[in-house]
Amino acid sequence: MTQLPPGSVLGIVGGGQLGRMSAIAAARLGYHAHILTTENDGPAAQVADAITLGRYDDHDALRRFADAVDVITFEFENISADGLDLLSSIRPVHPAGHILRISQDRIAEKTFMAENDIPVAPWRGVHDRADLDRAAQALGYPFILKTTRLGYDGKGQARIHDADGLDAAFDSLRPHPLVAEGMVRFACEVSVMVARNAHGDIVTFDVTENRHRDGILDISLAPARIAPDLAAQARDLARRIATALDLVGLLGVEMFVDRDGSLRVNEIAPRPHNSGHWTMDACPVDQFEMHVRAVTGLPLPPASRHSDAVMKNLIGPDDMALWPEIMATSGLLAHHYGKAEARPGRKMGHVNVLFPKGALPGEFGVEAALGPLARPVNAA
Ligand code: AMP
């Protein structure tokens, strides 16, 4: 693949904050971003060169979008298989359709991991109610039942503590089939962002430690406070996944650090990832520029990091009420997504706080550095 020259048009499917930040990175490299979006004033549309307004299953819109761009990528993965085929028939699509099909479906994802010797939690496909009984027997209680498609931010899943919970969980989660997963007793959750271009060059950012609140990512710490050999293993797993997928683009790999010291991959997302937002301020080349470079055929510079970082998501009206104070606090590097309405649970922006390399503080230091966003350390 040759390098796309400046002035070329990068098509991005999806109009949210990941598209916004990818479009900004594209503009910096001299590309025009063209967004396929359902909202004409959403986060990405506000900063894009052009938009095609339409649903992701509207073939006419998909065709008009593809005709207007030079290469296509995603910030939103849940586009239908025939939508993907249509786009691919008109322009190069990175990451390729087969990768989205794997990441869209937890059964396909786990099957891919098994085929490639990537460790995951024990799991069973649940196609009918009898499968669920068999899964309960194999996995033991408690275990987690998840939808195979369209789950995000902890939605589309249920924890089952005993046999009395089976029916309700099975009936409440749709569509079937579902996936049953054994509960991992994890010490922490981590993720790795990996980029690969068409020449097969691969870079991985440092491992990130992630903390969730109400099922939504709350805080990321970089680098993750795990042993160096475990961090190296995590990056190696991400590289192996990217290579096995023949990835062209950027991919987030979420993993559990089991209390027994092993890693288990939870899920992959072939796009920029919330847990990589710290790279925007702590790395010379951040995840969004790496994404754009990978899909436009540019060389990939090292994914190096000049600072330690804490990223805190700004979620819903409570966090956004603090915006004036955030603006008035030096050291809080704020990123606003341009969403008009701060609904509860909605990701509105994030802040990064930097520390000298090697000086990521402990719990109290992290809280102190977050200033107006600090919460008591033991708050739920
Ligand atoms: P997911 O939608 O798969 O990313 O899951 C959302 C969150 O639920 C994860 O970030 C974990 O905190 C938790 N979780 C999911 N699967 C498991 C598992 N097998 N064992 C323990 N915790 C899990």
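What you see is a predicted model, and the numbers here were worked out from it, not measured in a lab. Counting starts at 1 for both ligands and their atoms, following the listed order. Computed over heavy atoms, backbone and side chain alike; hydrogens, waters and symmetry mates excluded.
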(request) Determine whether the side chain, the backbone, both or neither of Glu181 has a heavy atom under 4.0 Å from any heavy atom of ligand 1. (result) side chain

(request) Quick one: look at Asn266 and ligand 1, take heavy-atom pairs under 4.0 Å, and tell me if it's side chain, backbone, both or neither. (result) side chain

(request) With heavy atoms of Glu254 as the reference, note each atom of ligand 1 found under 4.0 Å away. (result) 4 (O)

(message) A side-chain contact here means heavy atoms from C-beta on lying under 4.5 Å apart; do Pro95 and Leu251 qualify?
(response) no

(message) Does ligand 1 come near enough to Val184 that some N or O of the ligand is less than 3.5 Å from an N or O of the residue?
(response) yes

(request) State which residues pass salt bridge (charged side-chain N to carboxylate O under 4.0 Å, His left out) with Asp286; sequence neighbours excluded, sorted by chain then number. (result) none

(message) So Phe170 and Asp133, do their side chains get closer than 4.5 Å, heavy atoms only?
(response) no

(request) Check salt bridge (charged side-chain N to carboxylate O under 4.0 Å, His left out) between Arg259 and all other residues, then give those that pass, not counting sequence neighbours. (result) none

(request) Would you mind telling me which of Asp58, Asn40, Leu36 makes a side chain to side chain contact (heavy atoms under 4.5 Å, CB included) with Leu53? (result) Asn40

(message) Check this for me: does any side-chain nitrogen of one of Lys146 and Glu109 sit under 4.0 Å from a carboxylate oxygen of the other?
(response) no

(request) Check for a donor-acceptor pair, side chain of Arg264 on one end and backbone N or O of Val120 on the other, with a separation under 3.5 Å. (result) yes

(message) Using heavy atoms and a 4.0 Å limit, tell me yes or no: is Phe143 in contact with ligand 1?
(response) no

(message) In this structure, does ligand 1 have an atom that sits under 4.0 Å from one of the heavy atoms of Phe256?
(response) yes

(request) Could you check which of Lys146, Met183, His212, Glu189 puts a non-hydrogen atom nearest to atom 12 (O) of ligand 1? (result) Glu189

(request) May I ask whether Arg264 has any heavy atom positioned less than 4.0 angstrom from an atom of ligand 1? (result) no

(message) If the contact criterion is a heavy-atom separation under 4.0 Å, does Gly156 count as touching ligand 1?
(response) no

(request) Measure Arg185 to ligand 1 on non-hydrogen atoms and call it side chain, backbone, both or neither using the 4.0 Å cut-off. (result) neither

